[in-house]
Protein chains: 2
Amino acid sequence: MFSKSCEYAIRAAIYISAEGSMEKKIGIDDICEHIEAPKHFTAKILQILTRNKIVSSQKGVNGGFYLDKKQNNKPLIEIVYATDGSDVFCGCGIGLKECSESEPCPLHEKFKGIRANIRSMVEESTIEEMAKKLTKGNGFLRVE
Amino acid sequence: MFSKSCEYAIRAAIYISAEGSMEKKIGIDDICEHIEAPKHFTAKILQILTRNKIVSSQKGVNGGFYLDKKQNNKPLIEIVYATDGSDVFCGCGIGLKECSESEPCPLHEKFKGIRANIRSMVEESTIEEMAKKLTKGNGFLRVE
DNA sequence: TATTCACAGGATTTCGAAAACATATCTATT
DNA sequence: AATAGATATGTTTTCGAAATCCTGTGAATA
Ligand code: FES
Ligand code: FES
């Protein structure tokens with residue numbers, strides 16, 4: 001459904017939101033350990049999020065990643081767009097070059113509802129809301 | 001969501017159901033042209049469907065693929081299981097090693113509903129029903 | 001101002017899904 | 001029985017996502 005990049009991106013953003021702040025920036029090693037993701041690859045993905053102003057970063061000593069108030073309130077869909085583009089929300093469920101109402105695949109009617117649900121899921125969930133689950137102990141970003 | 005193999009498999013099965021019969025078997029070239037899929041790769045996938053008794057095949061002159069009455073009534077989920085396994089129906093939405101109720105990811109509650117819908121979609125749609133859309137002109141397996 | 005820490009960014013490698021190839025096997029037809 | 005036409009099967013190649021490596025750049029601190 002989502003690419004690995006996107007999955008890591010969502011997990012990383014939530015972790016940074018839960019653990020970090022303007023005063024307490026989170027380093028890449030810390031992030032990767034807690035979300036169980038490959039370091040260099042994750043660093044690259046965080047670059048993308050930073051360029052898209054979804055997370056903030058600070059170079060140098062005591063540097064790291066953090067989210068400001070505005071960024072905390074962003075919905076997850078922004079992360080999906082930044083990493084995977086809009087394909088998830090408009091592609092055909094069984095691989096037709098394009099999904100259309102005029103030449104729909106046999107699954108189209110049932111699938112477009114699901115696609116809309118996926119969109120709602122990431123559109124209506126903010127990074128902060130997800131982070132709150134972590135803090136409360138109701139959510140996890142890695143298992144074991 | 002589904003792998004390329006699975007997408008081609010679903011499209012191929014529906015096409016065979018719509019166009020073929022015990023008397024009129026469908027060849028690989030015919031199939032690939034009408035569902036716009038790579039020939040050799042699709043042949044390999046049809047092997048899998050044949051081994052899993054989802055489609056029937058006949059070698060030799062005038063041979064090809066077809067579906068008997070029982071096979072026509074099978075739900076698409078059997079194709080998904082044969083090609084992709086059960087991961088789609090039980091994996092975590094943001095890539096945790098495993099999805100569990102005891103250590104759920106922050107998206108778990110919202111995602112498991114979507115996952116169930118995907119399952120219903122392929123569980124409640126039979127190959128024959130999908131094929132019927134083609135015959136009626138309400139469904140397509142390739143665009144342009 | 002020199003040094004060190006941590007992110008930024010380009011270049012490269014790895015790995016598995018996707019695709020192509022080559023050969024074997026089976027069957028209707030002559 | 002020989003042949004031609006079709007699927008079956010094992011092997012190899014391609015390609016892009018995923019992951020790594022290496023160097024550059026900015027900021028804090030001593
Ligand atoms: S055409 Fe397949 S989902 Fe719309
Ligand atoms: S743990 Fe992520 S979907 Fe269940």
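Letters go in sequence order (proteins before strands), and every chain restarts at 1. Everything numeric in this text was worked out from a predicted model, so none of it was measured.
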- Task: Say whether, by atom type as modelled, one donor and one acceptor occur between the side chain of Ser86(B) and the main chain of Phe89(B) under 3.5 angstrom.
- Result: no
- Message: Please confirm whether the shortest side-chain N or O distance from Thr50(A) to OP1 or OP2 of dC7(C) is below 4.0 Å.
- Response: no
- Task: Measure the distance from CD1 on Ile45(B) to C1' on dA18(C) and round it to the nearest whole Å.
- Result: 9 Å
- Message: Within the 4.0 Å limit for protein heavy atoms, which parts of nucleotides 10-20 of chain D are touched? Write it as a string from 5' to 3', B for base, S for sugar-phosphate only, - for none.
- Response: BB------SBB
- Query: How long is the line joining CG of Leu49(B) and C1' of dA8(D), in whole Å?
  - Reply: 14 Å
- Message: At less than 4.0 Å, is any side-chain N or O atom of Ser57(A) found next to OP1 or OP2 of dA8(C)? Yes or no.
- Response: yes
- Nearest-angstrom distance from the residue atom OH of Tyr66(A) to P of dC7(C): 13 Å
- Pro38(B) backbone acceptor or donor facing Thr42(B) side chain under 3.5 Å: yes
- Message: Given 3.5 Å as the limit, does a donor-acceptor pair link the side chain of Asp84(A) with the main chain of Ser3(A), or not?
- Response: yes
- Query: Do the charged groups of Glu129(B) and Lys132(B) touch, with an N to O distance under 4.0 Å?
  - Reply: no
- Item | Lys/Arg N to Asp/Glu carboxylate O, Arg142(B) vs Glu103(A), below 4.0 Å | no
- Message: Run the salt bridge (charged side-chain N to carboxylate O under 4.0 Å, His left out) test against Lys69(B) and tell me which residues pass, sequence neighbours left out.
- Response: none
- For Tyr8(A), ring-ring contact (aromatic ring centres under 6.0 Å, His included) partners two or more places apart: Phe41(A)
- Query: Is it true that Glu128(B) and Lys74(B) make a salt bridge, defined as a side-chain N closer than 4.0 Å to a carboxylate O?
  - Reply: no
- Would you indicate what Ile28(B) reaches in the nucleic acid, counting non-hydrogen atoms under 4.0 angstrom: base, sugar-phosphate, or nothing? sugar-phosphate
- What parts of residues 18-27 of chain B reach DNA chain C, counting only heavy atoms under 4.0 Å away? none
- What is the distance from CG of Asp29(B) to P of dT7(D), rounded to the nearest Å? 7 Å
- Query: For the pair made of CD1 in Ile16(B) and C1' in dA6(D), what is the distance, rounded to whole Å?
  - Reply: 14 Å
- Kindly write out the residues that satisfy side chain to side chain donor-acceptor pair (under 3.5 Å) with Lys53(A), not counting sequence neighbours, or none if the list is empty. none
- Message: Taking Asp68(B)'s backbone N and O only, do any of them form a donor-acceptor pair with Gln71(B)'s side chain (distance below 3.5 Å, no angle check)?
- Response: yes
Please write out each protein N/O paired with an N/O of nucleotides 26-30 of chain D under 3.5 Å, distance rounded to 0.1 Å.
{"residue": "dG26(D)", "atom": "O4'", "partner": "Lys59(A)", "partner atom": "NZ", "Å": "3.4"}
{"residue": "dG26(D)", "atom": "N2", "partner": "Gly60(A)", "partner atom": "N", "Å": "2.9"}
{"residue": "dT29(D)", "atom": "OP1", "partner": "Asn62(A)", "partner atom": "ND2", "Å": "3.4"}

- Would you say the side-chain atoms of Arg115(A) pair up with the backbone N or O of Val88(A), donor to acceptor, closer than 3.5 Å? no
